> 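The structure's right below; bear with me while I get my questions together.
Note that the structure is a prediction, hence the values are computed from the model and not measured.
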Amino acid sequence: MKTILRKIGSLILSIILSIILISSILPIRAKAGFEIPGTCQVQVDSNAPSTVKTLDYGYDYNTYLSLRDMAMLLKSTDKSFSLEITGNSISMNSGNAYTPSGVENIPWEDDENPNLSLRRNEFKVNEEMVFYYTMIMKLPSGDYDCFMMAVDLAMILDVNITVSDAGSMQVHTREPFHISPVLLEQAGYFGGVNSVLVGDAATGEVYYQYQSDISYPVASTSKLMTCLLTMEAISSGQITPDELVTVSEAVHALSVSGDGVVPLEAGGQITVQELLLGALLPSSNECALCLAEAIAGSEEAFVEMMNQKAQKLGLSQTVFFNSNGLPFYTEDLIPSKRQNSMSAEDMFRMVSHLLKVYPQVTDITSLESAILESIDFEVRNTNPLLYNMPEVTGLKTGTTNKAGACLVTSLTAGEGSMEHDLVVIVLGSEDSIERGRVSGLLARYALNTFYEDGEKTESGAIKTYGDIPIHAEAAAEQIIRTARGR
């Protein structure tokens with residue numbers, strides 16, 4: 001016994017010594033974030049440049065600007081705003097005068113890196129909640145300051161911000177926010193995503209695309225196909241929205257797993273409409289599986305329906321393995337890990353079909369939250385743009401390690417019978433922060449393109465949104481849509 005204890009003691013000692021040795025060799029870093037304080041010179045219109053404090057988050061040139069400094073510079077312009085900042089919240093009100101706290105537009109007092117984290121702090125603009133990632137820090141004066149991306153501030157204020165030289169920016173308050181995806185691509189901006197596509201679902205016109213013909217994993221955006229097949233089943237009378245579905249053991253097992261979102265008990269019942277809410281808003285994997293079993297009897301049979309529908313729609317770069325977009329493992333001795341995959345072009349074609357044939361889907365995807373009354377459970381929408389842009393009506397987020405962070409966004413443009421659904425697809429961004437920012441930029445671009453093209457042709461003549469599209473299929477669909485609008 002003593003011999004065993006001595007051996008155990010020696011083993012523990014050797015482990016401790018190994019940890020000490022490794023620790024002395026490897027660099028120690030307390031956290032991934034690394035905020036580098038700096039300054040830049042910002043010129044508003046024709047005024048003299050002023051100092052604005054900055055924080056580079058994690059990397060050089062990943063710059064966040066002091067909101068107080070910017071508020072002070074815009075104080076006497078049409079883009080002025082008041083500002084209230086606490087330890088975890090920001091409130092902006094446009095058109096109100098900014099009350100200085102005395103710390104604006106001066107350099108940092110020291111060069112020590114502040115211990116801050118980039119968070120989705122509570123953020124209100126004109127009393128409406130929006131979703132932007134910001135850093136909040138307490139100043140020596142006791143006041144708080146907020147640091148946010150220049151492009152996010154530009155979108156909120158609808159101003160044009162340009163960069164002439166390193167450490168120098170110009171704010172053009174009389175020019176609306178504007179971007180060029182082509183210039184962004186040339187600058188390498190889309191190197192951080194797999195693919196993007198921006199287009200008009202009503203006409204099939206593509207405004208911009210990047211690597212859109214390559215198939216990539218799409219994670220939970222797969223649930224849009226599950227939704228499409230569910231809508232078809234409802235339309236054919238196979239099921240009804242109020243029909244109760246009994247939860248299977250497989251659905252319950254997924255619900256209580258690490259990938260579970262909505263608590264579903266085996267033998268319990270929930271309506272088809274609530275399953276759609278669960279699948280589309282909080283991206284419930286178990287709700288998608290429950291729909292698949294209710295419609296096809298098994299997920300295997302439902303996946304066959306998904307792939308058949310993909311072929312019928314002409315989705316040549318698409319393959320489905322399950323109803324929810326989670327990684328799928330084969331039953332081999334050494335299992336293969338597969339994931340539902342689509343190209344952005346295929347996604348655009350599928351989403352355009354969904355929006356044209358079943359436009360009521362946006363009645364669900366435009367909701368910020370909903371109550372699943374059958375199980376007395378509240379679900380919330382995971383789409384950040386729904387809170388930032390009033391034109392956004394959906395559609396679906398998705399994230400896995402392989403797929404990255406994906407977002408399919410729908411927006412409404414135009415009015416009445418001439419209303420169009422615009423679509424922005426972003427696949428494979430690094431994280432949800434970048435996913436939201438890229439999607440937000442392209443959503444603004446989609447709206448600008450739609451209205452600019454709708455107002456004038458290249459010759460300068462006025463062009464109406466009711467012009468018949470050049471494609472026969474799109475023309476027929478527009479006639480049907482116009483009739484529905486009437």
Side-chain angles (χ1 to χ4, degrees), residues 32 57-64 118 120 131-133 149-152 154-155 177-201 206-224 283 315 317-319 325-327 339-352 382-386 388-389 392 394-411 422-449:
Y57 185 79
Y59 304 93
D60 287 338
Y61 306 115
N62 190 26
T63 305
Y64 289 70
L118 186 62
R120 199 168 70 186
F131 280 6
Y132 291 99
Y133 284 86
M149 272 278 186
V151 67
D152 291 341
M155 285 193 285
F177 178 79
H178 179 78
I179 66 159
S180 168
V182 173
L183 294 179
L184 288 176
E185 181 181 339
Q186 292 172 356
Y189 182 72
F190 296 117
V193 300
N194 286 336
S195 61
V196 302
L197 186 146
V198 185
D200 185 336
V206 174
Y207 296 161
Y208 175 78
Q209 55 189 328
Y210 171 78
Q211 297 187 165
S212 63
D213 59 341
I214 304 173
S215 183
Y216 292 103
V218 292
S220 284
T221 60
S222 308
K223 294 185 177 79
L224 291 172
S283 197
L315 312 185
Q317 297 296 318
T318 295
V319 60
L326 287 172
Q339 297 197 39
N340 298 347
S341 299
M342 302 180 73
S343 67
E345 286 181 356
D346 281 1
M347 181 68 78
F348 178 61
R349 179 178 286 271
M350 182 187 75
V351 167
S352 296
T382 58
N383 185 350
L385 295 193
L386 188 68
N388 294 356
M389 300 177 66
V392 171
L395 279 169
K396 191 71 195 70
T397 58
T399 306
T400 66
N401 290 337
K402 182 68 173 177
C406 307
L407 178 57
V408 178
T409 303
S410 60
L411 311 96
L422 308 182
V423 175
V424 175
I425 298 164
V426 175
L427 303 180
S429 56
E430 184 173 322
D431 52 35
S432 60
I433 300 174
E434 197 61 25
R435 172 180 70 186
R437 185 167 291 127
V438 175
S439 298
L441 286 170
L442 293 177
R444 295 281 184 150
Y445 169 73
L447 291 169
N448 289 345
T449 302

> What closest approach, in Å, do Arg444 and Met155 show between heavy atoms, and which atom pair accounts for it?
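That closest heavy-atom pairing would be NH2-O, 2.9 Å.
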
> Indicate yes or no: at least one non-hydrogen side-chain atom of Met342 is less than 4.5 angstrom from one of Leu315.
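With C-beta onward as the side chain, the pair touches.
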
> Return the minimal non-hydrogen interatomic distance between Leu407 and Pro384, and the atom names on each side.
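So the two residues come closest at CD2-CD, 4.5 Å.
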
> Any sub-3.5 Å donor-acceptor pair from Ser429's side-chain atoms to Ala405's backbone N or O?
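Yes, Ser429 side chain to Ala405 backbone: donor-acceptor pair under 3.5 Å.
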
> Determine whether Gln209 and Phe348 make a side-chain contact, defined as any pair of heavy atoms from C-beta on separated by less than 4.5 Å.
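Of all side-chain heavy-atom pairs linking Phe348 with Gln209, none is under 4.5 Å.
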
> Where do Leu385 and Gly436 come nearest, in terms of heavy atoms and distance?
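Between these two residues, the closest heavy atoms are CD2-O, 3.7 Å.
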
> Are the side chain of Thr400 and the backbone of Gly398 linked by a donor-acceptor contact shorter than 3.5 Å?
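It does not hold such a pair.
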
> Find the distance between CG (Leu422) and OG1 (Thr449) and round it off to the nearest 0.5 Å.
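If we round to the nearest 0.5 Å, Leu422:CG and Thr449:OG1 are 9.0 Å apart.
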
> Can you tell if the side chain of Met389 reaches within under 4.5 Å of the side chain of Leu447, non-hydrogen atoms only?
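Answer yes - side chains close enough.
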
> Is a side-chain donor-acceptor pair under 3.5 Å present for Thr382 with Ser283?
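No - no donor-acceptor pair under 3.5 Å links their side chains.
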
> Listed by chain and number, what are the ring-ring contact (aromatic ring centres under 6.0 Å, His included) partners of Tyr133, not counting sequence neighbours?
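By the ring-ring contact (aromatic ring centres under 6.0 Å, His included) rule, Tyr133 matches no residue at all.
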
> Given the rule in the side chain to side chain donor-acceptor pair (under 3.5 Å) test, do Thr397 and Arg435 qualify, once you have shown the distances and angles that lead to the verdict?
CA-CA 9 Å; Thr397 58; Arg435 172 180 70 186; 4.7 Å; no

> If only atom types and distance count, is the side chain of Asn388 paired as donor or acceptor with the main-chain N or O of Phe131 below 3.5 Å?
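Present.
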
> Are the side chains of Tyr64 and Leu118 in contact, using a 4.5 Å heavy-atom criterion?
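In contact.
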
> As an exercise, state the distance from CD1 of Ile425 to OG1 of Thr221, rounded to the nearest 0.5 Å.
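Ile425 CD1 to Thr221 OG1: 9.0 Å, rounded to 0.5 Å.
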
> With sequence neighbours excluded, what pairs up with Arg437 under the side-chain hydrogen bond (donor to acceptor under 3.5 Å, both in side chains) test?
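Once residues adjacent in sequence are excluded, the partners of Arg437 under the side-chain hydrogen bond (donor to acceptor under 3.5 Å, both in side chains) criterion are Asp152.
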
> Could you pull out the closest heavy-atom pair between Cys406 and Ala403, with the gap in Å?
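Looking at all heavy atoms of both residues, the shortest contact is SG-O, 3.6 Å.
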
> Rounded to the nearest 0.5 Å, how far does OG of Ser220 lie from CG of Leu326?
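One gets 6.0 Å once the value is rounded to the nearest 0.5 Å.
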
> If you look at every heavy atom in Thr399 and Ala219, which pair is closest and at what distance?
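Taking Thr399 first and Ala219 second, the nearest heavy atoms are N-CB, 3.4 Å.
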
> Can you find a heavy atom in the side chain of Met347 that is under 4.5 Å from one in the side chain of Val218?
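Heavy-atom side-chain distance check passes, below 4.5 Å.
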
> So do Gln317 and Glu345 actually touch side chain to side chain, heavy atoms under 4.5 Å?
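No; the side chains remain at least 4.5 Å from each other.
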
> Mind checking the NZ-CG spacing from Lys223 to Leu395? Nearest 0.5 Å is all I need.
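Lys223 atom NZ to Leu395 atom CG measures 14.0 Å (nearest 0.5 Å).
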
> Per the side chain to side chain donor-acceptor pair (under 3.5 Å) rule, what does the pair list look like for residues 186-195, sequence neighbours excluded?
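Residue pairs passing side chain to side chain donor-acceptor pair (under 3.5 Å), neighbours aside: Tyr189-Glu434.
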
> Please tell me if the side chains of Val351 and Lys396 come closer than 4.5 Å, counting only heavy atoms from C-beta onward.
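Not touching, per the 4.5 Å side-chain cut-off.
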
> Name the residue from Tyr207, Tyr210, Phe190 that meets the side-chain contact (heavy atoms from CB on, under 4.5 Å) definition with Leu442.
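Testing each of Tyr207, Tyr210, Phe190 against Leu442, the sole residue satisfying side-chain contact (heavy atoms from CB on, under 4.5 Å) is Phe190.
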
> Calculate, to the nearest 0.5 Å, the distance between atoms CE and OG1 belonging to Met149 and Thr63 respectively.
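Answer rounded to 0.5 Å: 7.0 Å.
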
